[in-house]
Amino acid sequence: MSNKALPFKRYTVTSALPYANGPLHIGHLAGAYIPADIYVRFLRLNGKDVVYVCGSDEHGAAITIKAKKEGTTPQAIIDKYHAQIKASFEQFGISFDIYHRTSERVHHELSQEFFLNLYEKGEFIEQVTEQYYDEDYHQFLADRYITGTCPNCKSEGAYGDQCEKCGTSLNPTDLINPISTLSGKPPVLRETKHWYLPLDKYQPWLEQWLLEGKRDVLKSNVYGQCRSWLKSGLQPRSMTRDLDWGVDVPLDEAKGKKLYVWLDAPIGYISATKQWALDTGNDWEKYWKKQANPADNACLIHFIGKDNIVFHCITFPSILHAHGEYILPENVPANEFLNLEGDKLSTSRNHAVWLHEYLDEFPNKQDELRYVLTSILPETADSEFTWKDFQARINNELVAILGNFVNRVLVLSHKYFGGKVVVGSELTDTDRFIFSELARYPKHIAGSITQFRFREALAQVMNVARLGNKYLADAEPWKLIKTDEERVKTVLNVSLQLTANLAVIAQPFLPRTAQKMFEMLNFEGYDWNLAGGDPLLPAGHQLGEAQLLFEKITDKQVDVQLAKLSNAKAVASIQPAKAVAEAKGNVSFEEFVKMDIRAGKILAAEKVAKTKKLLKLTIDTGLDQRTVVSGIAEFFSPEEIVGKQVSILVNLEPREIKGITSQGMILMAEDADGRLDFVAPQSAVQPGSVVR
RNA sequence: UGCGGGGUGGAGCAGUUGGUAGCUCGUCGGGCUCAUAACCCGAAGGUCACUGGUUCGAGUCCAGUCCCCGCUACCA
């Protein structure tokens, strides 16, 4: 390994802290854990000093919401999920040096230290604002905890941050008749003080460090996102919250306030390292702080999903920079998102492949999942996992290419030479070509890994197995054994050396498989630099037993998983017998008959350009043909609704929407998930028929 | 609304500084039989989202349009 590719002698690698309010799924693995684990294993094989840390993120409002919903305590929630997540990672084989948690004392102390450090330097801006407060529950309310009437469209049930009906983004104080969802009573405004990190002040520095310094380092999706943020100008960001779950703000005047989770979460990387150092007798500061000689600084790499880019590239570096003693990330290789069977992964809809369930249902198939996910990592764009593809990749690639090659070589060696490594006649040009190819691959793969191109790196590993299969097919030792045993000895020697090299380079990607290969070869090669060099197996070396590396995934296994997903979907669509909207006050008959509702028919429908939800409909109301803009595009395509009967409120004030005058409103039923369906006569009626 | 990323043969993806469009899987045909009917060879299949422009020449640069994903800050 040249120093050029790995110029640092010490590495600090982090994977995003999983939020401890639910189990892990394959999206997490593909986003931040498998890439990091490959990278770290590779560094270790190259003899680098590396610490790989992670842990559960256990603070924030979502944990308390979850606890409330399940009628338990935040502590019970985090204990449950921390244990589950940790066990899943261990079984799956993500090779953290430590998997910590942010509820530990060492973390609280370090987070407070960070806050105080910045506080004492006068970095924070202190600001008093008026926020809604629930007097029954004695707490300030997060925006989501407040509902009321939207000042824009007058619909009820708008949230403090956004009206879901008209899409307007709001401040809680904009709401008419705000109600706390905790007590159901109107909240009161109360003054509260918070400490803001002046990101605007760091903007010039960020432009220098990030936009200038990282232009050719960051992946394009990461760089573009950062540039976009910096271009629009940074604003001071509050680093404290009025919450009851988190790290206490270490100031007398801030009793009851907590640190913003995004201040404390990334510090979790550091506190985890600190705990690891305590446990193992290391010095954590070597991995995080600037060293006397900058050449001794560690290389800090954050593996995350794309939802975390701004915090890891802007907020956290700003905090580290403001503190001053810490190193900054060299790179933040963020991945895009992984989809599942055509849909986004969704925890709430249970549309996911859960890691703990996979480990139960596919015992000892960790490497199979690693392989499939690695080959579809969303490195440059969103990608998709399907069970059929999972089966195809395992059966046609792992079993057929890699497993089969290794098996062929071992079986032939045992059959012809009693499982001994033998030396035969001199190498031919073909043999020499194999060795020269073999010498190329480790460099190529190393280059891919250091550039975070893991899919490409894995494909190269598979190409080595392909090379082996072709070599065997061309050399045909099963024929030669009848005429030229010396040549067969050479062919199998070359094949075995190839297999041993394959085991070495497979380690970062398929650690368990590589281990099995080592057992079969009765050889261990925990050094990347062994690959591509001198032959690894000496003459006379005794091989171990041949065993199959992988087995095929059956159609039945795939069907079971697909059924499970559609089951989950069905359950999820029935379940929402929850949160039925509250009853409204009575209206008089006179008020009701003011509504002129008619049966109508959709004559034409088209999508309104540049919108997500809007369809422009032409409706035959019986009275006339008119244009109505309706927010139903997420559930209905224009083609499928043309000709459909609808109920339409025809005497609604016309309203300009996206430059189109909408004359009326289509009546829709909306369930608790926001799913819409038409309310219309069951059989054909004449357009213009009165609905009442 | 603004911004960022993406849109390449049936599927999943590569395409570095512009110079005849590649890979894996699938399909079809052939070979082989050591191997988990696995392996090897060959073939078919793309107007590189669309429209203009720069250039001797563009998937690759510029402008505009459309589609998909994400972010748009005090709810991780």
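Lettering of chains follows the sequences in order, A, B, ..., and the numbering in each one begins at 1. The model shown is predicted, which means the values in this text are computed figures rather than measured ones.
The separation between A:E456 atom CD and B:rU16 atom C1' is 11 Å, rounded to whole Å. Between A:F124 atom CZ and B:rC74 atom C1' the separation is 15 Å, expressed in whole Å. The separation between A:N407 atom CG and B:rA38 atom P is 14 Å, rounded to whole Å. One can place CG of A:L412 at 13 Å from C1' of B:rA38, the figure rounded to the nearest angstrom. Look at CG on A:N335: it is 15 Å from P on B:rC71, rounded to the nearest Å. Regarding A:K306, its NZ atom lies at a distance of 10 Å from the C1' atom of B:rC68, rounded to whole Å. Distance, A:Q451 CD to B:rA14 P: 14 Å, rounded to whole Å. Distance CD1 (A:I314) to P (B:rC74): 16 Å, rounded to an integer number of Å.
Minimum atom distance to the side chain of A:K415 is reached by B:rA35, of the listed B:rA35, B:rC40, B:rA76. Checked against B:rA73, B:rA76, B:rG15, the side chain of A:V261 finds its nearest nucleotide in B:rA76. Closest contact between the side chain of A:I376 and the listed nucleotides B:rG12, B:rC40, B:rA73 involves B:rG12. Taking every side-chain heavy atom of A:V411 into account, B:rA35 is the closest of B:rC40, B:rA35, B:rG15. Proximity note for A:E336 (side chain, C-beta onward) versus B:rC32, B:rA14, B:rG5: the nearest is B:rG5. When the nucleotides B:rC39, B:rC41, B:rU33 are ranked by their closest atom to the side chain of A:N469, B:rC39 comes out on top.
Here A:L549 lies in heavy-atom contact (under 4.0 Å) with a base. Among the protein residues, A:F405 comes within range of no part of the nucleic acid, since none of its heavy atoms lies under 4.0 Å from any strand. Note on A:Y19: a base of the nucleic acid sits closer than 4.0 angstrom, heavy atoms only. When heavy atoms are screened at a 4.0 angstrom cut-off, A:K552 is found touching base atoms of the nucleic acid. Note on A:T386: nothing from the nucleic acid sits closer than 4.0 angstrom, heavy atoms only.
The aromatic rings of A:W262 and A:H312 stand perpendicular to each other, their planes meeting at an angle above 60°, with 30° marking the opposite boundary. Ring geometry for A:H28 against A:H25 counts as parallel: the plane angle stays under 30°, on a 0 to 90° scale with 60° as the upper cut. Classification of the A:W387-A:F385 ring pair by plane angle, with boundaries at 30° and 60°, yields perpendicular.
A residue-by-residue look at A:T380 and A:L548 shows that A:T380 has its nearest nucleotide of RNA chain B further toward the 5' end. Residue-to-nucleotide proximity on RNA chain B shows that, of A:E384 and A:L199, the 5′-proximal contact is made by A:E384.
A cation-pi arrangement is found for A:K306 relative to A:F337, the charged atom lying closer than 6.0 Å to the ring centre and inside a 45° cone about the ring normal.
Between the side chains of A:Q131 and A:T129, a donor-acceptor pair is found at a separation under 3.5 Å. Inspection of the A:D242 and A:H194 side chains reveals an N or O donor paired with an N or O acceptor under 3.5 Å. A:S111 and A:H107 share a donor-acceptor pair across their side chains, judged by distance under 3.5 Å alone. Between the side chains of A:N463 and A:R466, at least one donor N or O sits under 3.5 Å from an acceptor N or O.
Nucleotides B:rC56 and B:rC13 are separated by 33 Å at their C1' atoms, to the nearest Å. Taking the C1' atom of each, B:rC48 and B:rG42 are spaced 25 Å apart, rounded to whole Å. Taking atom P on both nucleotides, B:rG19 is separated from B:rG57 by 14 Å, rounded to a whole Å. Across the P atoms, B:rU16 and B:rC61 are found 8 Å apart, a figure rounded to whole Å. To the nearest whole angstrom, the two P atoms, one in B:rG10 and one in B:rC75, are 47 Å apart. Nucleotides B:rG15 and B:rA76, compared at atom C1', are 37 Å apart to the nearest Å. A gap of 47 Å separates the C1' atoms of B:rC68 and B:rU33, to the nearest Å. When the C1' atom is used for both B:rG9 and B:rU27, the distance is 12 Å, rounded to whole Å.
Checked by distance alone, A:N404 brings no side-chain donor or acceptor within 3.5 Å of a matching partner on the base of B:rA38.
Between B:rA38 and A:R466, no contact under 4.0 Å exists linking OP1 or OP2 to a side-chain N or O.
Contacts between residues 387-403 of chain A and RNA chain B, counted as heavy-atom distances below 4.0 Å, involve A:R393, A:N396, A:E397, A:V399, A:A400, A:I401.
Residues A:Y471 and A:F433 place their aromatic rings such that the two centres sit no closer than 6.0 Å.
Minimum interatomic distance between A:M462 and A:E397 (heavy atoms only, all atoms of both residues): CE-O, 3.3 Å.
Put simply, the side chain of A:T102 does not reach to within 4.5 Å of the side chain of A:S56, judged on heavy atoms.
For the strand RNA chain B, secondary-structure stems (runs of at least three Watson-Crick or G-U pairs, all distances below 3.5 Å) span B:2-7 with B:66-71, B:10-13 with B:22-25, B:27-31 with B:39-43, B:49-53 with B:61-65.
Judged by distance alone, the side chain of A:Q460 and the main-chain N or O of A:I445 form no donor-acceptor pair under 3.5 Å.
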